Chemist: 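This is the structure I want to talk about, given as structure tokens.
These figures come from a predicted structure and were not determined experimentally. Residue numbers count from 1 along this sequence. As the structure lists them, so they are numbered: ligands from 1, and atoms in each ligand from 1.
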Amino acid sequence: MSGAAVRAFRPVTIAVDPPRAGGPAAFRWDVAGDPRDPLAVALRHASRRDAEPAVAVVLGTAHRSGDSAVLLEGIARAGASGGRRLVLLHRGAGGGSLLRSAALESPGLRVAVLELPVRDAGPGLPARIARLARGAAPGAELRVAGDGTVTRTGWRAVTLPEPPVPSGGPARPGGAALITGGLGGLGLRAAAVLSAVRGYRPVLLDTTAPGELPPRAAALLCRLCDAPPGADVLTADVTDHRAVARVLGRVPLPVRAVVHCAGVVAGGPVADARARDLDALAAPKADGLGTVLDVLDPGALRHLVVFGSVTARVAHRQLGGYGLANELLRREALRRAAALPRCATVVAEWSLWSGAGRAHEMGAVGQARRMGMAPVPLAPGMAALLRLLRWPAGARAAGAVVLTGPGEDATFPPEEADGRGNSPT
Ligand SMILES: NC(=O)c1ccc[n+]([C@@H]2O[C@H](COP(=O)([O-])OP(=O)(O)OC[C@H]3O[C@@H](n4cnc5c(N)ncnc54)[C@H](OP(=O)(O)O)[C@@H]3O)[C@@H](O)[C@H]2O)c1
């Protein structure tokens, strides 16, 4: 593998000063979400007719069926209201990525995202929410802990774990590596690397059948199947539990590693998105990961590398739905890591790739460069994947890492505001 290394960034928690007392602590709330949710009830009670209008979207601990519609409803109502202020309040369900893209596409829409403790902290909460939302930087995503501490995410450049020490030949760990979306541009390359360098037998799971592959990908697949230790191709929809259980039941080797690449890309303004479009984007990612982990033996699994996207972290025009799918994927992966104590779980939130993959095929790399992005070249990206296979095991070590190409990326890390609306001088 040659070429300059990709750059890696880990999220870090940064304390945010508590909201100052005094000043208006109320909004005229228009609440979207389950009207029986105690927080929705509290906001309606605290709403003041003479206060600035604001739309609140209230969601729970995990993204549920219907939540995409609630997010879109909140965005539409805020766009139509005079105040154009939108506050997402959730306890783990997420959705901030979609709202940030909506704000980017709709100047004047002011968005704040507050992740609240699972158990709400008493009657003063609506006033605290109002103060936090009013003081927050545009698009800020703040977390409020049970003790009232407020934090936001910052970014720290890190070195990925050391690559495997080269030996005389590929390691022979004796097991299979499942690559979902394995016949896609990156899945096929990931399979080749896992086979050649790590010695796993790749199991490629995809909705695409091998016979549908274009000639270059078909040739890659042939080479992979012919080289030791061989490869298996399984055709199934990763969201179909029965189909996944049936095809994985035929894999004779224990599945030691999963690289979850299944996904679809679709763009378009958030204002034009329908809930079913958002759900279709999220399904192969978040739901698909859940399906695979439900079917596999968790005790055998040693590595879980999930292919996410930087669009879950910073807003990109036309990619709000894709960003949401990747945010939900990250949240699902980190939730599921708790039940995988012997597994190293990492969510790789890639910038776009050059040299292979859907963005490359769509001709998006040149435009991304003009926007100041640093695409991830194929060889350094695959070298980074190998280093991610050295991620430490255990639920406490599970985490996410943003990966951009070599050199400066003008879009990541994002300019740091302090969460209270102040940019660094
Ligand atoms: N390429 C990039 O620049 C980039 C950047 C950041 C993150 N990522 C992520 O990396 C992953 C791989 O990207 P890629 O560029 O290799 O994309 P790709 O070439 O489109 O590969 C994705 C594969 O997943 C398959 N798939 C979609 N839905 C599925 C389902 N429900 N069940 C099973 N397989 C399904 C696709 O089949 P169909 O073709 O039949 O839909 C396709 O073969 C994706 O999750 C993507 O979001 C890519």
Chemist: State whether the shortest distance between N or O atoms of C261 and N or O atoms of ligand 1 falls below 3.5 angstrom.
Modeler: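 Yes, at least one N or O pair falls under 3.5 Å.
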
Chemist: Please report which non-hydrogen protein atom sits nearest to atom 31 (N) of ligand 1, along with the residue it belongs to and the distance in Å to one decimal place.
Modeler: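 So the nearest neighbour among protein heavy atoms is D237 OD1, 2.9 Å.
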
Chemist: Kindly determine whether H63 and S68 satisfy side chain to side chain donor-acceptor pair (under 3.5 Å), including the steps that lead there.
Modeler: CA-CA 8 Å; H63 188 86; S68 297; 3.2 Å; yes

Chemist: Do any N or O atoms from the side chain of W391 and from the backbone of A397 form a donor-acceptor pair under 3.5 angstrom?
Modeler: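 Judged by distance alone, yes, a pair lies under 3.5 Å.
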
Chemist: Do G357 and ligand 1 have an N or O pair less than 3.5 Å apart?
Modeler: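 N/O-N/O distance under 3.5 Å: no.
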
Chemist: Any nitrogen or oxygen of A356, side chain or backbone, less than 3.5 Å from one on ligand 1?
Modeler: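 N/O-N/O distance below 3.5 Å does not exist for this pair.
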
Chemist: Of all the atoms in ligand 1, which lie at a distance below 4.0 Å from a heavy atom belonging to W353?
Modeler: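 Per the distance check, 2 (C), 3 (O), 4 (C), 5 (C).
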
Chemist: Ignoring hydrogens and geometry, is there a side-chain-to-backbone donor-acceptor pair from R369 to A374 under 3.5 Å?
Modeler: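 A pair under 3.5 Å: no.
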
Chemist: Run the side chain to side chain donor-acceptor pair (under 3.5 Å) check on T180 and H260 step by step: do they pass?
Modeler: CA-CA 5 Å; T180 69; H260 183 51; 2.7 Å; yes

Chemist: Nearest non-hydrogen contact with atom 14 (P) of ligand 1 belongs to which option: R358, M362, R189?
Modeler: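 When every heavy atom of R358, M362, R189 is considered, R358 comes closest to atom 14 (P) of ligand 1.
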
Chemist: Identify the protein heavy atom lying closest to atom 7 (C) of ligand 1, giving its residue, its atom name and the separation to 0.1 Å.
Modeler: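 So the nearest neighbour among protein heavy atoms is G308 O, 3.1 Å.
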
Chemist: Give a yes or no on whether a salt bridge exists between D30 and R85, defined as a side-chain N under 4.0 angstrom from a carboxylate O.
Modeler: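 Looking at R85 together with D30, the answer is no, because their closest N to O distance does not fall below 4.0 Å.
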
Chemist: Do R330 and E327 meet the salt-bridge criterion of a basic N to acidic O distance under 4.0 Å?
Modeler: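 R330 and E327: not salt-bridged.
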
Chemist: Just checking R10: does its CZ atom have more than 12 heavy atoms from other residues, nucleotides or ligands closer to it than 6.0 angstrom?
Modeler: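 For R10, atom CZ is crowded (more than 12 foreign heavy atoms under 6.0 Å).
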
Chemist: Could you name the option among G181, P284, A348 that has the heavy atom nearest to atom 23 (C) of ligand 1?
Modeler: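 Closest candidate by heavy-atom distance is G181.
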
Chemist: Any nitrogen or oxygen of T208 lying under 3.5 Å from a nitrogen or oxygen in ligand 1? Just yes or no.
Modeler: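 Yes; at least one N/O pair falls below 3.5 Å.
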
Chemist: Can you list the atoms of ligand 1 that are under 4.0 Å from a heavy atom of K285?
Modeler: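 What qualifies from ligand 1 is 44 (C), 45 (O), 46 (C), 47 (O).
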
Chemist: Taking the side chain from T291 and the backbone from V238, do they hold a donor-acceptor pair closer than 3.5 Å?
Modeler: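 Looks like yes, one N/O pair under 3.5 Å.
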
Chemist: Which of the atoms in ligand 1, numbered in the order shown and given with their element, are less than 4.0 Å from a heavy-atom of L352?
Modeler: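 Listed by number with element, the hits are 3 (O), 5 (C).
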
Chemist: Report the residue from L116, L114, T13, T149 that forms a side-chain contact (heavy atoms from CB on, under 4.5 Å) with R143.
Modeler: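 Of L116, L114, T13, T149, side-chain contact (heavy atoms from CB on, under 4.5 Å) with R143 is met by T13 alone.
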
Chemist: Taking only heavy atoms of A359 into account, list the atoms of ligand 1 that are under 4.0 Å away from them.
Modeler: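 So the atoms of ligand 1 that pass are 1 (N), 3 (O).
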
Chemist: So which protein heavy atom does atom 16 (O) of ligand 1 come closest to, and at what separation?
Modeler: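 Closest protein heavy atom to atom 16 (O) of ligand 1: L186 N, 2.8 Å.
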
Chemist: Check if G182 has a non-hydrogen atom at a distance under 4.0 Å from any atom of ligand 1.
Modeler: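 No, G182 has no heavy atoms under 4.0 Å from ligand 1.
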
Chemist: With respect to S351, determine whether any N or O atom, backbone or side chain, lies less than 3.5 Å from an N or O atom of ligand 1.
Modeler: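 In fact, backbone or side chain, S351 has no N or O that close.
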
Chemist: Which residue holds the protein heavy atom closest to atom 26 (N) of ligand 1, what is that atom called, and what is the gap in Å?
Modeler: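 Going by distance alone, atom 26 (N) of ligand 1 is nearest to T207 OG1, 3.7 Å.
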
Chemist: N/O to N/O below 3.5 Å, does that happen between D206 and ligand 1?
Modeler: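 For ligand 1, there is an N or O atom that lies under 3.5 Å from one belonging to D206.
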
Chemist: Report the nearest protein non-hydrogen atom to atom 27 (C) of ligand 1: residue, atom name, distance rounded to 0.1 Å.
Modeler: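 Nearest protein contact, heavy atoms only, for atom 27 (C) of ligand 1 is G263 O, 3.4 Å.
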
Chemist: Is the closest heavy-atom distance from A236 to ligand 1 below 4.0 Å?
Modeler: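 Distance cut 4.0 Å: A236 passes for ligand 1.
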
Chemist: Under 3.5 Å, is there a donor-acceptor pair between the side chain of R7 and the main chain of G405?
Modeler: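 No, because the side chain of R7 does not come within donor-acceptor range (under 3.5 Å) of the backbone of G405.
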
Chemist: Under 4.0 Å from any heavy atom of A262, which atoms of ligand 1 are there?
Modeler: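 Numbered from 1, ligand 1 contributes 24 (O), 34 (N), 35 (C), 45 (O).
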
Chemist: Ignoring hydrogens, just give me the one of T239, V264, V238 whose non-hydrogen atom is nearest atom 41 (O) of ligand 1.
Modeler: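 Selected option, by shortest heavy-atom distance: V264.
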
Chemist: Between ligand 1 and Y322, is the shortest N or O to N or O distance under 3.5 Å?
Modeler: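 Between Y322 and ligand 1 (N or O atoms, distance only) the closest approach is under 3.5 Å.
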
Chemist: Just how far is it from atom CG of L213 to atom CZ of R216, taken to the nearest 0.5 Å?
Modeler: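 If I round to the nearest 0.5 Å, the distance is 12.5 Å.
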
Chemist: Go through ligand 1 atom by atom and flag the ones less than 4.0 Å from a non-hydrogen atom of W350.
Modeler: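 Answer, ordered by atom number: 6 (C).
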
Chemist: Using the ring of F9 (Phe, Tyr or Trp, six-membered ring only), decide whether R313 places NZ or CZ under 6.0 Å from its centre and within 45 degrees of its axis.
Modeler: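 Pair R313/F9 does not count as cation-pi.
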
Chemist: Quick one: are F307 and L186 in side-chain contact, heavy atoms under 4.5 Å?
Modeler: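 SC-SC contact between F307 and L186 confirmed.
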
